[in-house]
Amino acid sequence: MKIAQFSSFGKPDEVIDCIDVNDLGDPNDNEVLIDVLACPINPADVLNIEGRYGVKAKLPARLGAECVGKVKKVGASVKGFKEGDIVLPLDRENWVQQKIVDEKNLILLPDDIDPIQLSMLKVNPATAYLMLKKYVKLQPGDWIIQDAANSAVGQYIIRLAKIEGIKTINIVRRKELANELKEIGADFVILDTPNMASEVKELTNDSDIKLAIDAVGGDIILRIGDCLAEEATILNYGLLSGKNIEMTSYQTVFKRLVLTGFWLMPWLQKMERQEIFEMYNHLASLIASQKLHVPIEKTYPLEEIKKAVKHAATYNRSGKIIITPNG
Ligand SMILES: NC(=O)c1ccc[n+]([C@@H]2O[C@H](COP(=O)([O-])OP(=O)(O)OC[C@H]3O[C@@H](n4cnc5c(N)ncnc54)[C@H](OP(=O)(O)O)[C@@H]3O)[C@@H](O)[C@H]2O)c1
């Protein structure tokens with residue numbers, strides 16, 4: 001079978017390869033053998049290959065933060081899964097044709113949902129959901145502000161916020177994205193400009209904004225901070241600019257803004273299994289009803305992993321890059 005692997009940290013398309021390894025044997029009693037149907041390339045995967053992720057991989061390393069799979073064979077004592085079931089593995093190393101997973105690391109999913117959309121269920125929808133639910137108590141009619149708003153996470157935030165009646169100010173790098181984002185529920189789409197605070201004040205009728213969600217970092221936080229209410233929370237979950245966050249003393253002392261970070265991995269480690277199951281089934285039902293959906297730019301076979309990671313690392317994409325290891 002084929003897998004994607006990298007043997008040194010570096011430029012993703014230079015260090016990653018698709019290689020042949022021995023086929024997997026039968027699963028043990030408590031294990032499940034799955035065919036991987038689809039897996040997205042996430043910015044976290046790219047950071048991982050570059051050696052800049054929160055956990056450094058042991059080389060040579062397989063990768064792939066997420067996928068969706070179809071059960072091929074179950075171990076003798078597995079009760080919750082059968083051949084043909086559609087499943088979400090909670091572990092990593094998903095850019096492979098087949099994998100064996102302990103049944104406690106699998107979530108059973110409905111079998112009538114587009115596998116390409118489902119392949120992105122584990123990371124980005126859960127990130128958007130938890131960031132909206134777990135940090136600031138938001139009521140219908142409240143405002144939030146976010147940057148990188150056209151990213152997949154940004155689009156899930158727009159859609160989930162809309163469902164809850166929460167209004168969104170969305171910062172993008174390309175103004176031509178405004179209509180597309182408004183169509184999926186964005187209230188306002190703006191550019192990062194020096195007069196962002198006065199623009200936002202006017203758009204929201206001077207409403208308090210208690211939550212900012214940031215994937216960019218760097219000096220944009222100076223301008224976002226000026227849009228926020230006293231004691232508001234800035235939730236940083238990405239490092240797209242590659243720069244450290246900047247804030248003024250006025251923002252930290254007199255406005256008492258709270259800067260904190262979000263990382264999905266520790267959340268999944270500390271949540272109860274039942275809560276994880278309920279969250280993913282809720283999000284899967286929203287994907288099934290197309291209330292959650294992100295555009296796809298291109299799908300690649302695993303053999304073209306070099307081209308796929310190179311494509312994923314380009315900006316101004318119209319959607320995600322997906323690998324379909326079994327065609
Ligand atoms: N902390 C966590 O647990 C967690 C979980 C999921 C995702 N993330 C992070 O969330 C972010 C978005 O992920 P995704 O999968 O949604 O991304 P994606 O769909 O691949 O989109 C990438 C986005 O990044 C924007 N971008 C790239 N460089 C930028 C820069 N220097 N300044 C501003 N914007 C920039 C792009 O804008 P253009 O379209 O204009 O190029 C695009 O909107 C990533 O940083 C990822 O690592 C974190």
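The figures that follow rest on heavy atoms only: side chains count, while hydrogens, waters and symmetry mates do not. Read the numbers this way: they start at 1 and go in the same order the structure lists the ligands and their atoms. As the structure is a prediction and not an experimental result, all values here were calculated from the model.
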* Just by modelled atom types, is the N94 backbone N or O under 3.5 Å from a matching donor or acceptor in the K99 side chain? -> no
* Asked: For atom 10 (O) of ligand 1, which protein heavy atom lies nearest, and how many Å away is it?
  -> Y237 CE1, 3.0 Å
* Run the numbers on N150 and E180 for side-chain hydrogen bond (donor to acceptor under 3.5 Å, both in side chains), then give the verdict. => CA-CA 9 Å; N150 67 305; E180 212 174 286; over 6 Å; no
* Under the 3.5 angstrom rule, does the side chain of T168 hit a backbone N or O of I158 as a donor-acceptor pair? -> no
* K175 (side chain) donor-acceptor with V189 (main chain) under 3.5 angstrom -> yes
* Asked: Taking N179 for the side chain and E176 for the main chain, is one N or O donor matched with an acceptor at less than 3.5 Å?
  -> no
* Shortest protein contact, atom 23 (C) of ligand 1 (heavy atom only) -> S151 CB, 3.6 Å
* K306 atom NZ, neighbour heavy-atom count above 12 within 6.0 Å -> yes
* To do: Kindly say whether F188 contributes a backbone atom to a donor-acceptor pair with the side chain of N170 at under 3.5 angstrom?
  => yes
* For L264, atoms of ligand 1 separated by under 4.0 Å from a heavy atom -> 2 (C), 3 (O)
* To do: Please confirm whether A152 comes within less than 3.5 Å of ligand 1 when only nitrogen or oxygen atoms on both sides are compared.
  => yes
* Asked: Looking at atom 16 (O) of ligand 1, what's its closest protein heavy atom, distance included?
  -> V153 N, 2.8 Å
* Asked: Quick one: salt bridge (charged side-chain N to carboxylate O under 4.0 Å, His left out) partners of E272, sequence neighbours excluded?
  -> none
* Gap separating the CD1 atom of I16 from the OG atom of S7, nearest 0.5 angstrom -> 10.0 Å
* Asked: For atom 29 (C) of ligand 1, which protein heavy atom lies nearest, and how many Å away is it?
  -> R173 NH1, 3.3 Å
* Test of proximity, G154 against ligand 1: N or O pairs below 3.5 Å -> no
* Structure fact -> Nearest non-hydrogen protein atom to atom 18 (P) of ligand 1, with distance, is K320 NZ, 3.6 Å
* To do: Classify the contact between V216 and ligand 1 as side chain, backbone, both or neither, using a heavy-atom distance cut-off of under 4.0 Å.
  => side chain
* Distance-only N or O hit between ligand 1 and N150, under 3.5 Å -> yes
* To do: Could you list the atoms of ligand 1 found under 4.0 angstrom from a heavy atom of N124?
  => 6 (C), 7 (C), 14 (P), 15 (O), 16 (O)
* Give a yes or no on whether D20 atom CG has more than 12 heavy-atom contacts from other residues, nucleotides or ligands under 6.0 Å away. => yes
* Starting from atom 13 (O) of ligand 1, find the nearest protein heavy-atom neighbour and note its residue, name and distance. => P43 CG, 3.5 Å
* **Contact with ligand 1 for M265, non-hydrogen, under 4.0 angstrom** => no
* Heavy-atom contacts with V123 under 4.0 Å: which atoms of ligand 1 show up? List them by number with element. => 5 (C), 6 (C)
* What are the atoms of ligand 1, with element, lying closer than 4.0 Å to any heavy atom of R317? -> 20 (O)
* Asked: Going by the order shown, which atoms of ligand 1 are within less than 4.0 Å of some heavy atom of Y315?
  -> 27 (C), 28 (N), 41 (O)
* N/O to N/O below 3.5 Å, does that happen between L47 and ligand 1? -> no
* Which of the atoms of ligand 1 are close to N316, meaning less than 4.0 Å from one of its heavy atoms? -> 38 (P), 39 (O), 40 (O), 41 (O)
* **Test log, rule side-chain hydrogen bond (donor to acceptor under 3.5 Å, both in side chains), inputs D226 and Q251** => CA-CA 8 Å; D226 284 347; Q251 291 171 335; 3.0 Å; yes
* Ligand-residue contact atoms, ligand 1 with G238, heavy atoms, under 4.0 Å -> 45 (O)
* To do: Using heavy-atom distances, let me know which of Y53, Y156, F262 sits nearest atom 1 (N) of ligand 1.
  => F262
* Taking atom types as modelled, is there a side-chain donor on H282 or Y129 under 3.5 Å from an acceptor on the other? -> no
* Asked: Under 3.5 Å, is there a donor-acceptor pair between the side chain of K210 and the main chain of D142?
  -> no
* Among all protein non-hydrogen atoms, which one is nearest to atom 39 (O) of ligand 1, and what is the separation to 0.1 Å? -> R174 NH2, 2.7 Å
* Structure fact -> re atom 5 (C) of ligand 1, the protein heavy-atom contact at minimum distance is T127 OG1, 3.1 Å
